[in-house]
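Atoms considered below: every heavy atom in the structure, side chains included; atoms not considered: hydrogens, waters and symmetry mates.
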Amino acid sequence: MMTDNNLPQPPRWPDRLLEWFLSPDLKEDVQGDLHEFYHKRLTQVNIRQANKDYWWAVLHYLTPFFFNNQSANYSQSISLSPVMIRNYLKIAWRNLMLRKAYTTINILGLAIGIASCLLIVLFVQHELSYDKYHTKANRTYRMVIEGMLAGKKIQTAFASAPAAPALMREIPGVETATRMDSRGTFIVKKGNESFKEERIVFADSNFFDVFSIPLLKGNPKTILKEPKTLVITESIAEKYFGNTDPIGKTLTFGEKDVYRITGLCKDVPSNTHFHYDMFASIHGEQLGEKWLSSGALTYAVLREGYTLEKLNATMPALIEKYLGPEIHEFIGISLADFKKRGDKIEFVFQPVTDIHLKSHLDGEIEANSDSKYVYIFSAIALFILLIACINFMNLSTAGSANRAKEVGIRKVLGSVQGQLIGQFLSESVLVTFMALAVALVIVAMALPYFNQLSGKAFEVSVLVKGMMLPAILLACLFIGLLAGSYPAFFLSAFKPVSVLKGKINAGFKSSWLRSTLVTIQFVVSIGMIIGTIVVYRQLNFIQNKKVGFDKDQVLVLHDTYILGKQLTTFKNEIKQLSQVANATMAGYIPAGASNNGADGFEVVNGSDQPVTYRDKTYSIDDDYLPTLGIKLVAGRNFSKDVKSDTAAVLINEAAAKEFGFKNPIGQQLRTLGTGEPDSKRIFTVIGVVRDFHFESIHNRIAPLVMYYGADTYQMAIRVRTSDIPDFLEVLERKWKAQTNNPFSYSFLNDRFNKTYQSEQRTGQLFSIFATLNIIISCLGLFGLAMFTAQQRTKEIGVRKVLGASVMSVVVLLSKDFVKLIFIAILIVTPIAWYAMSEWLEDFAYRVEISWWIFAVAGLLAIAVALLTVSFQSIKAALMNPIKSLRSE
C-alpha cells in the first residue's frame with residue numbers, strides 16, 4: 001500500500017481497530033480502499049469532516065447491522081434486505097436444530113438468567129416507584145424532627161402538631177400542608193357486628209389534595225371538612241356494606257364515636273409508604289397546641305419554583321418563634337442556653353419519594369425498606385445476566401471446531417467476514433429470543449413463589465404494560481448482540497487455508513478472554529456463596545441469641561382495654577387456669593410490634609446542676625418480670641402490697657451504667673418537666689434488671705426505666721401446656737363471656753421473628769439467586785469443558801497410547817479450572833469481606849466473618865466445578881485412542 005507522506009494521514013485509532021478485527025489476508029486490501037476513500041474526501045471537505053467520515057466508514061465496515069450500501073463503495077458487506085434476513089434466520093434455525101443438545105443447554109442457561117433478571121427487575125422497579133405516582137410528589141416533603149437532647153440523638157418521623165398550620169400561615173412558599181395521626185387499633189361496629197381495624201388514620205381535610213389516592217365518590221376538597229366524617233377504601237366498603245352504596249352510612253369507633261361516610265376511594269397502592277383503610281377527619285381530635293409535647297405526621301407541598309433550600313432557611317426563625325418560649329417554659333432556660341449546653345432541635349424535610357428506601361426514624365408508619373437492598377439485587381441481576389452471556393460465549397466457542405470447516409468453505413465460495421458475522425449474530429439473536437420465550441414461562445410459573453418470598457403482589461401482566469415489553473425486547477436484542485459478538489468475530493476470523501488443512505486447533509488451545517470470563521463466573525459464584533453463608537449465619541444468630549427474656553410459650557391477647565372494669569377479674573381468672581403459668585398486663589412487649597415511650601430524667605444528686613438523661617420507659621405491673629422471664633440482678637420487683645412502689649422504678653443495667661450508679665438501689669431520679677401536673681416527680685430505684693432486647697437487635701440495648709402501673713392495652717400470658725389449640729378454645733370462651741368484641745391474639749416468638757422478616761426474605765432471595773447463579777455457571781463450565789476436550793482429543797489419544805491412566809487425563813483436563821478458581825478466590829475474598837462487613841454494620845450485635853467461610857465457599861466452588869467438568873473429562877479419557885488418532 002503506497003501513501004504520500006505529504007498528505008494528511010487518516011486517524012490512528014480507526015486503523016488500530018481494523019488491525020484488531022481483520023484477518024491479515026484482508027487487512028491490506030481493506031485498509032488501502034479506506035485510505036483512498038479518506039484522501040478522496042479530503043478534496044471535498046475539510047480535514048475534520050474527513051476524519052469523522054473515516055471513523056464512520058470503519059465502524060460501518062466492522063458493524064454490518066449499521067452498514068448502508070449507499071453510504072460508501074469501499075468494502076463488501078451484507079445486505080439487510082428482507083430476503084437476506086429471512087435467509088439468515090432459516091440457516092440459523094437449521095444449525096440450531098442440528099445440535100439439539102447444545103441448543104437446549106444454551107437456551108436453558110440463558111432463559112434462567114433472563115428469568116432471574118426479570119424477577120429482580122420487577123422487585124427493584126417496584127421499590128424505586130414508592131410514592132412517585134402522586135401528582136405533586138416532586139414537591140411534597142415530610143417534616144421530621146432531628147436533634148440532640150440530654151446527650152441523646154433524636155430522630156423522629158413526627159413533627160410538632162401545630163407545625164402544619166404554621167407552615168401555611170407564615171411561609172409563602174408552602175402551597176399546602178397536611179397531617180396524619182394514627183392512634184392504633186380500633187373496634188369498629190356496624191349495628192351488632194364488631195370488627196378489629198388496625199389501619200385507621202385521622203387526617204386533615206386537605207389530605208386527598210396532597211396524596212393522589214383516586215376517589216371514586218366524594219369531593220376531595222370537602223369530604224373531610226366536617227367533624228366525624230370518614231373516607232373508606234373499596235375493600236372496607238365491600239367488607240361492611242357489600243355491593244350497596246356506603247355514602248351517608250355510619251360506623252362506630254369504640255363505644256360511642258359515630259362517623260358518617262362521606263367518601264369512597266380505591267385501595268391505597270402497594271407502592272406507598274402508608275397503607276390505611278379508613279381516613280377519619282381530624283376535627284374534634286385534639287392533637288394539642290404545644291410544639292414540644294404534641295406530634296403528628298406532617299407533609300408540606302411547596303409551590304412551583306420554591307426550593308427546599310429556601311424552606312430550610314426559614315426554619316431557624318420558626319424554631320425561635322415557637323420552640324423558644326416553650327423551652328423556656330418547660331425547661332427553664334432560653335433557647336440560646338439550650339443550644340450552649342449542646343442540645344438542639346431541628347425541623348428537617350424529607351422528599352416523600354425517599355421515605356421508603358432512605359428513612360429509618362423512630363415512629364415510622366411502617367417498616368421501610370433500604371436502598372442498599374436495591375443496589376444489592378440490581379448487582380445480582382447484572383451478574384446473573386453477565387454470567388448467562390458468558391455461558392453463551394463459552395458454549396458458542398465450544399462448538400466452533402465443528403463449524404470451522406463450514407466457515408472455511410463459505411469463505412472459499414466468496415463469503416466475506418461481514419456476511420459471516422451477520423450469520424452468527426442472527427443465530428445469537430434467535431437463541432436469545434427463544435430463551436426469552438422460555439424465560440417468560442419460567443417467570444409466570446415462579447411469580448407466586450417470588451411474591452411470597454418478597455412480600456409483593458406482582459402479576460405477569462406487568463411485563464407487558466407501558467414501556468416494559470419494548471424495554472425487554474430491546475434488552476434481549478442487546479443481549480443477543482453482546483453475547484454473540486465474540487463468537488461471531490471469533491468464528492468469522494478463521495483462515496480458509498488453515499481450516500481446510502486441519503490446522504485450526506493449534507491456535508485455540510488457550511484464550512485469555514475465555515479464561516477471564518470463566519474467572520469472572522467463579523468470582524461472582526464464590527462471592528454469592530460467601531454472602532449466603534454470612535447472611536444465614538447472622539439470621540441464625542438473631543434467632544438463637546439470648547435476648548434476655550423467654551419469648552417461647554408466651555401468648556399476647558390484644559385489645560384487653562375494652563374489658564374496662566372487668567379487666568382485673570378477667571386477668572385473675574386467666575391466672576387460675578391450669579394451662580397458665582402467669583399473666584401480665586403489658587402496654588409494651590419486647591418485640592417490634594409495640595412501641596415504648598421516651599422520657600427525660602435528672603439524677604437527683606444534691607447539686608444545682610443535675611445530670612440529665614433521656615431514656616426509654618415502660619409501664620408495667622408486678623407480674624411483668626416473672627411472666628416474660630426477665631431476671632433481676634439487684635434489688636426487688638414491684639409489689640402490689642407496697643403502696644410506695646407507685647413512686648418507684650426499675651432500671652436495666654444499661655441505665656445504671658448511663659446514670660453512673662455504682663450502687664443503684666435507693667438512688668433517686670426526677671422526671672424532666674413537660675408542663676403536666678405531675679412534672680418533676682421523684683422516683684426511687686428499687687431494682688435493676690438484666691439487660692434484655694426490648695428493641696431490634698439492629699440497635700444496642702438502650703437505657704430503660706420501668707414504672708409501676710400497667711397499661712391495659714394487651715395481656716401477655718405464659719402458657720405451660722403443649723395443647724395450644726385446646727387452650728385457645730378455653731381462652732376464647734372466657735373472652736366471649738366478657739365481651740362481643742373480636743378475639744385476637746398473637747405469639748411473642750412470632751412477633752419477634754417478624755421484626756427480622758426483611759432480613760429473612762433477603763436471605764432467602766439471596767440464596768435462591770446464588771443457587772441459580774451457580775447452576776448457570778455450571779452450564780458454562782460444561783461448555784468450556786466440552787470445548788477443551790474437543791481441542792485436546794488427539795493429545796489425549798497420544799497420552800493414552802503412551803500409557804496414561806484415566807485419572808491422569810482427568811487431572812490434566814481439570815487442573816486449568818482449579819487454577820482459575822484459586823485466582824477467583826484471591827480476587828473475591830477482599831471484595832466479599834468488605835461487602836458483607838458493610839451489610840453487618842446495620843446490626844449492633846453480629847457474627848464475625850471467619851476465615852473458614854471463604855475456605856468453604858472456595859471448596860464448594862471447586863467441588864461443583866470438578867463435578868461439572870468430570871463428565872466431559874472422563875468421557876474424553878475413556879475414548880478409544882484409535883478413533884482420535886486415525887485421521888493422522
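Side-chain atoms of K819 never come within 3.5 Å of backbone atoms of K815 as a donor-acceptor pair (strictly under, hydrogens ignored).
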Start with the C-alpha distance between L357 and Y130, add both sets of side-chain angles, then the distance that settles side chain to side chain contact (heavy atoms under 4.5 Å, CB included), and finish with yes or no. CA-CA 9 Å; L357 290 178; Y130 267 70; over 6 Å; no
Under the side chain to side chain contact (heavy atoms under 4.5 Å, CB included) rule, what do L436 and L110 come out as? Steps first, then yes or no, please. CA-CA 8 Å; L436 173 61; L110 204 53; over 6 Å; no
Could you give me the CA-CA distance, side-chain angles and deciding distance for I849 and S837, then say whether side chain to side chain contact (heavy atoms under 4.5 Å, CB included) is met? CA-CA 8 Å; I849 304 179; S837 296; 3.4 Å; yes
Could you go through Y133 and T272, starting from their C-alpha distance and side-chain angles, then the distance that decides it, and tell me whether this counts as side chain to side chain contact (heavy atoms under 4.5 Å, CB included)? CA-CA 9 Å; Y133 68 89; T272 307; 2.7 Å; yes
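Expressed to the nearest 0.5 Å, how far CG of L765 lies from OG of S116 amounts to 11.0 Å. Expressed to the nearest 0.5 Å, how far CZ of R537 lies from CE of M836 amounts to 11.0 Å. Distance check, rounded to the nearest 0.5 Å: CD1 of I114 to SG of C476 gives 4.5 Å. Atom CD of E366 sits about 11.0 Å away from atom CD1 of I355, to the nearest 0.5 Å. Note that the CG atom of L118 and the CD1 atom of I472 stand 5.0 Å from one another [nearest 0.5 Å]. Taken to the nearest 0.5 Å, the CH2 atom of W852 stands 12.0 Å off from the CG atom of L859.
Looking at residues two or more places apart in sequence or on another chain, you find a ring pair (Phe, Tyr, Trp, His ring centres under 6.0 Å) between F377 and F123. Residues passing the side-chain hydrogen bond (donor to acceptor under 3.5 Å, both in side chains) test with S270 are H126, sequence neighbours excluded. When the salt bridge (charged side-chain N to carboxylate O under 4.0 Å, His left out) test is applied to E841, the partners found at least two apart in sequence or on another chain are R846. Not counting sequence neighbours, the partners of E127 by the side-chain hydrogen bond (donor to acceptor under 3.5 Å, both in side chains) test are H356, S369, K456.
Checked by atom type, the side-chain pair D131/T353 shows no donor-acceptor distance below 3.5 Å. Judged purely by distance below 3.5 Å, without hydrogens or angles, the side chains of W839 and Y834 never pair a donor atom with an acceptor atom.
Nearest approach of C389 to I479, heavy atoms of both residues: SG-CG2, 3.7 Å. The shortest non-hydrogen separation linking N368 to S359 is ND2-O, 2.9 Å. Minimum interatomic distance between T829 and I825 (heavy atoms only, all atoms of both residues): OG1-O, 2.6 Å. Across all non-hydrogen atoms, the minimal contact from L122 to F458 is O-CZ, 3.3 Å. Contact record, A111 with A439: O-CB, 3.4 Å, taken as the closest heavy-atom pair. Taking all atoms of both residues into account, the shortest heavy-atom contact from A824 to I526 is CB-CD1, 4.2 Å.
By the neighbour-count criterion of 12 heavy atoms within 6.0 Å, atom OH of Y375 is sparsely surrounded, having that number or fewer from other residues, nucleotides or ligands. Atom CD of E838 sits in a crowded spot, with more than 12 heavy atoms from other residues, nucleotides or ligands closer than 6.0 Å.
Judged as a side chain to side chain donor-acceptor pair (under 3.5 Å), not a single pair has a partner in residues 431-453 (not counting sequence neighbours).
Contact annotation: the side chain of V524 never approaches that of L386 to less than 4.5 Å [non-hydrogen atoms, C-beta and beyond]. Looking at heavy atoms from C-beta onward, I776 lies out of side-chain contact with I390 at the 4.5 angstrom threshold. Looking at heavy atoms from C-beta onward, V462 lies out of side-chain contact with M468 at the 4.5 angstrom threshold.
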Listing, residues 441-448 side-chain donor-acceptor contacts under 3.5 Å, not counting sequence neighbours, or none:
none

